[in-house]
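Written out below as structure tokens is the structure these notes cover.
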2 protein chains.
Amino acid sequence: MRNSTMKSTRKTESQLVQDPVRLVESYPKVPLTVDCAVFGFQENELKVLLIRSDLALYDGLWSLLGDNVQDNEELDDAANRILKERTGMDDVYLDQVRSFSHPARHPGGRVITVAYCSLINIQHHQLKRIDNELHWHNVQSLTQMAFDHFEILTHCHKWLQKRIQEHPLGFNLLPDKFSLRELQNLYEAILNLQMDRRNFRKKFASMGLLIDVNEIENDVPHRPGKLYKFNFDKYEKNKRKWIGIDF
Amino acid sequence: MRNSTMKSTRKTESQLVQDPVRLVESYPKVPLTVDCAVFGFQENELKVLLIRSDLALYDGLWSLLGDNVQDNEELDDAANRILKERTGMDDVYLDQVRSFSHPARHPGGRVITVAYCSLINIQHHQLKRIDNELHWHNVQSLTQMAFDHFEILTHCHKWLQKRIQEHPLGFNLLPDKFSLRELQNLYEAILNLQMDRRNFRKKFASMGLLIDVNEIENDVPHRPGKLYKFNFDKYEKNKRKWIGIDF
DNA sequence: ACTTTATTATGTATTTTTTACACAATAAAA
DNA sequence: TTTTATTGTGTAAAAAATACATAATAAAGT
């Protein structure tokens, strides 16, 4: 069967698959879903957007926003579609985290899921109609969820904690204009630690990613802080450089 | 249809799915594969273990080691199985990298793949029988592969470059006993840069992960270096601390 | 108008980490 | 014995991270 000149490992024509379509038809197939951990920031807490499980088995429990991957749909497209269908939002930050494949993770049988992390601005989001089975939950206070979603959420949260120390992703969770205090509160909520205010400001100032918009907060019962916006252009241009920043 | 007390979003019994098995049976299904980028280190070069594509369309091109995910098989198990089947190796370092889902990535139709990164010791590996259609390739000199495997490999290489700066993974690619020069050559090959010898050694010494085995290299035509082995126990115990080391 | 209150804005000294850099000792090969 | 290539080692300088306190400001209350 094998070519007689052992030096060459090149296959003979008869060993090659001529019809890849038939080959793929013979492959085992599995149901595949995408589950999104949609994070938001409100009242100085990191929130995650959840929906009530529609399985009787998980009655009363919450689950991540998910759906099947459709025929010929890319995973990223599926994640974007889910976000759009559930929240009405387009153009949100989304990144693939990892897949979860434990055979018993779904009570209905073998379903593999690809977890995504999404960051959205809650204020902006609430202008759109929100499905009334959706609810924002404090990430820290969740303990139980439907399926293996608590495990997935925990993983996504850790992923975000690491990621936000390497890229300035936090801006996706804030309004267009924000004060340095809001920015710091966000980092503290995500990382679950306290930071020194002067050093935090120094760090961000040195990155040069903040644009002073010459406005100040209102609605605060004390001296208002300056407002800034994020320099997305500069970030996109120098993306590679920001890898490795941390606090 | 909706519960009349709008306050409660809890679903009524009739809205809940009672039979999850039937639900999952209705899901669309896709062929799912695992592809492994198996890295090795030899002659001061980062290598990747590839197999000739068995598709006529890709005749002469190389592909990553991959296979279908079987019914009720976990992704990690599929990756381990592939490694075992192809190389005879058990207990190798394996980590999930990410999924690739472009609808046209496979000429036979829609196939989603989950990429894994594996690190193995080539010397050790060669003691086992190696499938003679497998071949070690210099990662830097590859330009084209079957399917989207070049893209996947590039992604895995970048993943490894980042990962190795946060965890001392390099030891998986080296023999049990190695010299500091070998270790540095490895890092230089993976990261594709030159490092200062004294600072490199200082860094590793300060991590305390090297055990001096009181032996020296042989086979070198000059002053031999001391040999060390990796302190796996200490690493496992203090794993969390090593996150964040970089050169 | 004044006082109180909460918070902003800001700089420096200290410590830690990173970087740059050179020479004597050693083993093998000639 | 000499040559060769490489090992093993330390220190000074630069950069980054950390710790820390006070005056200025706007709003709210009196």
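Note on naming: letters A, B, ... go to the chains in the order of the sequence lines (proteins, then strands), and numbering restarts at 1 for each one. We use all heavy atoms of the structure for the numbers below, so side chains are in, but hydrogens, waters and symmetry mates are not.
When distances run from any side-chain atom of Arg201(B) to the nucleotides dT7(C), dT6(D), dG8(D), the shortest one goes to dG8(D). You'll find that the side chain of Arg223(A) is closest to dA26(D), out of dT9(D), dA5(D), dA26(D). The Lys202(A) side chain lies nearest to dT18(D) when the options are dT18(D), dT8(C), dC21(C). For Pro221(B), taking side-chain heavy atoms from C-beta onward, the closest of the listed nucleotides dT8(C), dA29(C), dA22(C) is dA29(C).
Taking the six-membered ring wherever Trp is involved, the centroid distance between the rings of His155(A) and His157(A) does not fall below 6.0 Å.
If you find the closest nucleotide of DNA chain C to Asn199(A) and to Pro224(A), the one lying nearer the 5' end belongs to Pro224(A). Across the interface with DNA chain C, nearest-nucleotide mapping of Glu217(A) and Asp196(A) shows Glu217(A) to be the residue nearer the 5′ end. Looking at which nucleotide of DNA chain D each of Arg197(A) and Val220(A) is closest to, the 5′-most match is held by Arg197(A).
Separating the CZ atom of Phe200(B) from the P atom of dG8(D) is a distance of 13 Å, rounded to the nearest angstrom. One interatomic measurement links the two molecules: CZ of Phe204(B) to C1' of dG8(D), which rounds to 17 Å at whole-angstrom precision. In this entry the distance linking NE2 of His222(A) with P of dA28(D) reads 10 Å, nearest Å. Look at CG on Asn185(B): it is 12 Å from C1' on dT6(D), rounded to the nearest Å. With rounding to whole Å, Met207(A) atom CE is found 13 Å from dA16(D) atom P. Nucleotide dT8(C) holds its P atom 17 Å from the CD atom of Glu215(A), rounded to whole Å. Here the P atom of nucleotide dA27(D) and the CG atom of Asn218(A) are 9 Å apart, to the nearest Å. If you measure from atom CD1 of Ile216(A) to atom C1' of dT7(C), you get 13 Å, rounded to the nearest angstrom.
The shortest distance between the side-chain N/O atoms of Lys203(B) and the OP1/OP2 oxygens of dT18(C) is below 4.0 Å. Side-chain N/O atoms of Arg198(B) include none lying less than 4.0 angstrom from OP1 or OP2 on dG10(D).
More than 12 heavy atoms of other shown residues, nucleotides or ligands fall within 6.0 angstrom of atom CG in Asp212(A). Within a 6.0 Å radius of CG in Asp176(B), no more than 12 heavy atoms belonging to other residues, nucleotides or ligands are found.
Lys234(B) and Glu236(B) are not joined by a salt bridge, as no carboxylate oxygen comes within less than 4.0 angstrom of a charged side-chain nitrogen. Lys226(B) has no carboxylate O lying under 4.0 Å from a charged side-chain N of Glu217(B), or vice versa, which leaves the two without a salt bridge.
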